[in-house]
Student: 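Supplied in structure tokens, the structure appears directly below.
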Amino acid sequence: HNGVASIEIARPEKKNALTQAMYQDMADALLAANQDNTVRAVLITGQPGIFTSGNDIEDFAARGPGEGVSNPNSPVFQFMRALVSCEKPVIAAVTGAAIGIGTTLLMHCDFVYVADDARLAMPFVSLGLVPEFASSLLAPNLMGYPKAAEKLMLGEPFTPEEALECGLINAVIAGPEVLNHARRIAERFNALPPGAVRDTKKLLRGKRDAQVYEVIKAEAEIFAARLQSPEAKEAFQAFFQKRKPDFSKF
Ligand code: COA
């Protein structure tokens, strides 16, 4: 609509947890937007009060060895590759929680606007997992090692103000306004020459993308092994049984 391809994550009954089918749809939408000359920018949004609770934990628990994150043809990989390689500006509007891949994906967007009620977190370790999709590279680059260690090793959440200080987002916006604000930014690209925008994005990313793909591959191998680990199995079971995980036996 009006030069902007919008991708709305909409599974509110599960707090917008992302399934393989959803990743596939988002990958297809991003690739289509990248090809479509009438699209000048892409906008990614969630639902009021929830951006995404991250990867569906049931899907994590059900994955067999070699499935999903370690497989470059998997929907999640296709989605992240489409996001990293999107030549057009990608704008995210975040209300509520953006957990796990919900925060990771923001590091690959060009503009991120976050509501004052938002909460960002990458609690991979609490699930017996490791950072993914280059967050182990981009987080310390953006915020410095000590902050990245808090966020990735302890899984500490970011307040919106902290996310801004860390260089992870562009601005904190009053809750009800965030979507309109992000849309207005996206629509500004209608008045700009698309070739110059595309080339500028490419220059800004510089050599980063090659390094990003290399790190994604290295993380994915460890992530896939961690998914099968007894620590992760305990964390997934605890989530579904609505109890605290017990890692004392490991
Ligand atoms: N995967 C699968 N289901 C999820 C989910 C996820 N990532 N996040 C939430 N859900 C489900 C819950 O199991 C619950 O389902 P039920 O109604 O059938 O019991 C439903 O969504 C509502 O979640 P609930 O936890 O009750 O909502 P809340 O408002 O109290 O908390 C969150 C919201 C996002 C803070 C919380 O759901 C959460 O921490 N989710 C997991 C986040 C996570 O660890 N993601 C993976 C990161 S790697």
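In each ligand, atom 1 is the first atom listed, and ligand 1 is the first ligand listed.
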Student: Go through the steps for S136 and E219 under the test side chain to side chain donor-acceptor pair (under 3.5 Å), then give the verdict.
Tutor: CA-CA 8 Å; S136 65; E219 290 168 336; 2.4 Å; yes
Student: Any salt bridge (charged side-chain N to carboxylate O under 4.0 Å, His left out) involving residues 26-42? Give me the pairs, sequence neighbours left out, ordered by first then second residue.
Tutor: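 Listed once each, the pairs would be none.
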Student: Could you note down all residue pairs passing salt bridge (charged side-chain N to carboxylate O under 4.0 Å, His left out) where residues 182-200 supplies at least one of them, sequence neighbours left out?
Tutor: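 The answer is E177-R184.
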Student: Indicate yes or no for a side-chain donor-acceptor contact from Q78 to the backbone of N73 under 3.5 Å, with no hydrogens or angles considered.
Tutor: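 A pair under 3.5 Å: yes.
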Student: Sort out the contact shell of ligand 1: every protein residue with a heavy-atom distance below 4.0 Å, listed by chain and number.
Tutor: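 Only E13, K14, K15, A17, S53, N55, D56, I57, I99, G100, F124, L127, F239, K242 have heavy atoms that fall under 4.0 Å of ligand 1, ordered by chain and number.
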Student: What do the steps show when you test R243 against E234 for salt bridge (charged side-chain N to carboxylate O under 4.0 Å, His left out), and what is the final call?
Tutor: CA-CA 11 Å; R243 61 169 171 84; E234 163 60 12; 2.8 Å; yes
Student: Please list all pairs meeting side-chain hydrogen bond (donor to acceptor under 3.5 Å, both in side chains) that have one or both residues in residues 203-217, counting only residues at least two apart or in different chains.
Tutor: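 Passing the test, one end in residues 203-217: D110-R205.
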